Amino acid sequence: MRVIVIGAGLGGLALAQSLLRAGVAVDVYERDAGLEARFQGYRIGLGDRGLPALKRCLPERLHPLLHAVSGDMAGEGRAVDTRLNELGRTPVQDEGLLFDRHVLRHLLHAGLDGHVHFGKRFDAYEPLPGGGVRAFFDDGTTVTGDLLVGADGMGSAVCRQLLPSVEILDTGVAGVIGRTPLTPELAPLVPGWSTLVQDGNLNLFIGKMPFRRPPHEAAAELAPDVKLPETSSYLRWVLLLPPGAHEASEEVRDGVDFVADLVRGWHPLLRAMIREADRGNSGLGPIRYADPLPAWEPGPVTLLGDSAHPMPPGGLGANLAFQDAVSLRDELAPVARGEAPLLPALAAHQQRMRDTAASVHSAAMATLRMITRT
Ligand SMILES: Cc1cc2nc3c(=O)[nH]c(=O)nc-3n(C[C@H](O)[C@H](O)[C@H](O)COP(=O)(O)OP(=O)(O)OC[C@H]3O[C@@H](n4cnc5c(N)ncnc54)[C@H](O)[C@@H]3O)c2cc1C
């Protein structure tokens, strides 16, 4: 059995790790030129749903490294005004661990050399008459396999062909995502797990990514064959811009100068955080979402992660992507051993994904409505 995965994001790489260890042949095709190709580094909170699943995907020898590059998601959340006067508190968040997405992708790529093909943008697929599927890439090449898995995220090209009725919707709200090195001077901005700065219709969310150990150092000691990025603890901040606020000017693409201008009268520490942002890891993006996907007939193409349940950011998307990877691996392993037929296995995976996603979709949408005030 040969599996083609489109997308080397969190879900696609986790699936490849677990399928290879189950003895299933797998190749991943990613449009980016490499893991370093563009801004990838924001923090991800993994809890009861995602963390056990991620550990099942990774070989046990990498578990100590995984822990070493995590941070604790602990303490209270608070809301403050632009002079840092406290407005309120949010409940203690004492479960789960924090990860940097860029570091996590490198860790998930460990041992996959030769199985991940960069610079391959998927265009379309074609089911083959005798079973199986052919994938077409924009460089004119094709590959064939028994199953194609769309792990190509929100706005998935695989999903567009499989389920043309699915619409990705734009809230009109955009977010400038930035990161700033965590210095002793800036640390008081986030005493707990997050701080929300409120100013009329502007919301600035600040969170800490406190690596237990610098990732490249931890890798050198705990798994020398794994190369992790040279990065250090940071503050991740997201400024949500109300509809229309960013459309006037083109220079907003970078985001940082635009935000610096908006926070001119704010507390000096907040201004310093924006000023000292790492511009290569900051940028502006639309906040998008979709309604839950309809059910689809099992066939030689399935989905996983954000492509299967596109939700607004900041929710549980990565947690679900790791759960999906484990679900699909558990269904495909017996198929690859010739002990079970493919189509019922895929039907079970698809149903499980839909059930799990349905349980968190409405909560994600309620959060979105609250923060965008729509
Ligand atoms: C700011 C922010 C904060 C977040 N915080 C959290 C959090 O705390 N907890 C949580 O659980 N989730 C969080 N998420 C959501 C989480 O990042 C996503 O749900 C998760 O990354 C989805 O994984 P995925 O593998 O499905 O897709 P992705 O990780 O998006 O990967 C998709 C991959 O497919 C590639 N691709 C796309 N199109 C093609 C194509 N045509 N051909 C080839 N390759 C293609 C892309 O380049 C990408 O590498 C957050 C998201 C954002 C933006």
Side-chain angles (χ1 to χ4, degrees), residues 4-16 27-51 53-54 57 71 73 93 96-102 104-105 108-109 116-125 135-139 143 148-161 174-179 193-194 205 207 209 236-240 281-289 303-325 328 353 357 360 364 367 371:
I4 300 167
V5 179
I6 305 298
L10 297 178
L13 291 173
L15 178 67
D27 281 286
V28 183
Y29 297 87
E30 165 61 46
R31 69 179 171 190
D32 286 347
L35 288 179
E36 311 281 345
R38 62 193 164 88
F39 166 63
Q40 304 277 347
Y42 48 83
R43 80 173 187 170
I44 298 272
L46 295 181
D48 286 350
R49 290 174 182 273
L51 199 50
L54 171 61
C57 294
M73 188 197 276
Q93 182 108 15
L97 293 178
L98 297 168
F99 293 90
D100 173 72
R101 181 174 181 274
H102 190 48
L104 213 43
R105 265 181 106 209
L108 283 164
H109 186 255
V116 183
H117 311 276
F118 290 102
K120 305 291 279 185
R121 180 186 287 270
F122 165 86
D123 265 349
Y125 67 79
F136 296 83
F137 298 95
D138 73 344
D139 59 4
V143 290
L148 182 143
V149 182
D152 48 344
M154 173 88 88
S156 156
V158 177
C159 179
R160 257 199 319 273
Q161 184 174 348
V176 180
I177 303 177
R179 60 188 261 175
W193 72 281
S194 82
F205 297 84
M209 176 62 235
R236 185 275 301 135
W237 48 266
V238 181
L239 183 78
L240 290 185
N281 271 309
S282 303
L284 177 116
I287 308 282
R288 299 180 302 163
Y289 67 101
L303 302 172
L304 164 158
D306 278 5
S307 68
H309 33 74
M311 280 184 215
L316 290 170
N319 283 268
L320 297 185
F322 293 135
Q323 278 191 310
D324 295 349
L328 189 51
M353 264 196 320
V360 300
T367 308
I371 61 180

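Every heavy atom of this structure was used, including side-chain atoms; hydrogens, water molecules and symmetry mates were not. Computed from a predicted structure; not experimentally measured. Read the numbers this way: they start at 1 and go in the same order the structure lists the ligands and their atoms. Numbering of residues begins at 1 and proceeds along the displayed sequence.
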- prompt: Is a side-chain donor or acceptor of Asp324 paired with a backbone partner of Met353 at a separation under 3.5 angstrom?
  reply: no
message: With heavy-atom distances below 4.0 Å as the criterion, list the atoms of ligand 1 near Gly305.
response: 26 (O)
message: Heavy-atom contact check, 4.0 Å cutoff: does Arg101 meet ligand 1?
response: yes
task: Check whether any side-chain N or O of Arg160 sits under 3.5 Å from a backbone N or O of Gly155 as a donor-acceptor pair, and report yes or no.
output: yes
task: Please list, chain by chain and in numerical order, all residues satisfying ring-ring contact (aromatic ring centres under 6.0 Å, His included) with Phe205, sequence neighbours excluded.
output: none
task: On the 0 to 90° scale, with breaks at 30° and 60°, tag the Tyr29-Phe137 ring pair as parallel, tilted or perpendicular.
output: tilted
query: Among all residues two or more places apart in sequence or in another chain, which pass the side chain to side chain donor-acceptor pair (under 3.5 Å) test with Tyr125?
result: none
- prompt: Hey, is Tyr42 touching ligand 1 through its side chain, its backbone, both or neither, going by heavy atoms under 4.0 Å?
  reply: side chain
statement: Counting heavy atoms under 4.0 Å, the part of Ala151 that contacts ligand 1 is backbone
- request: Report the member of Arg31, Arg49, Lys120, Met73 with the shortest heavy-atom distance to atom 44 (N) of ligand 1.
  value: Arg31
- prompt: What part of Arg43 sits under 4.0 Å from ligand 1 if we count only heavy atoms: the side chain, the backbone, both or neither?
  reply: backbone
task: Give a yes or no answer on whether the side chain of Asn319 reaches the backbone of Gly45 with a donor-acceptor pair at less than 3.5 Å.
output: yes
message: Check whether Arg105 reaches the backbone of Ala8 with its side chain - one donor and one acceptor, N or O, closer than 3.5 Å.
response: yes
query: Can you find an N or O of Gly45 that's nearer than 3.5 Å to an N or O of ligand 1?
result: yes
field: Closest to atom 42 (N) of ligand 1 (judged by heavy-atom distance), picking from Phe99, Phe322, Phe122, Phe118
entry: Phe122
message: Please classify the Leu46 to ligand 1 contact at 4.0 Å (heavy-atom distances, strictly less than): side chain, backbone, both or neither.
response: neither
message: Ser307 versus ligand 1: do any nitrogen or oxygen atoms come within less than 3.5 Å of each other?
response: no
message: Considering both backbone and side-chain atoms of Arg121, is one of its nitrogen or oxygen atoms within less than 3.5 Å of a nitrogen or oxygen in ligand 1?
response: no
task: Spell out, as yes or no, whether a donor-acceptor pair under 3.5 Å connects the side chain of Asp138 to the backbone of Asp123.
output: no
- prompt: Between Ile6 and ligand 1, which part of the residue brings a heavy atom under 4.0 Å of the ligand: side chain, backbone, both or neither?
  reply: side chain
- prompt: Does a salt bridge link Arg179 with Asp100, judged by any charged N lying under 4.0 Å from a carboxylate O?
  reply: yes
- request: Could you walk me through whether Leu35 and Phe118 pass the side-chain contact (heavy atoms from CB on, under 4.5 Å) test, one step at a time?
  value: CA-CA 8 Å; Leu35 288 179; Phe118 290 102; 3.9 Å; yes
- prompt: So which bit of Arg105 gets within less than 4.0 Å of ligand 1, heavy atoms only: side chain, backbone, both or neither?
  reply: side chain
- prompt: What part of Met311 sits under 4.0 Å from ligand 1 if we count only heavy atoms: the side chain, the backbone, both or neither?
  reply: neither
- request: Pick, from Ile44, Ile287, Leu35, the option with the minimum heavy-atom distance to atom 14 (N) of ligand 1.
  value: Ile44
query: Quick one: does Ala157 get an N or O within less than 3.5 Å of an N or O on ligand 1?
result: no
Sub-3.5 Å N/O-N/O distance, Val238 and ligand 1: no
message: Pair Arg49, Gln323 - check side-chain contact (heavy atoms from CB on, under 4.5 Å), show working.
response: CA-CA 7 Å; Arg49 290 174 182 273; Gln323 278 191 310; 3.9 Å; yes
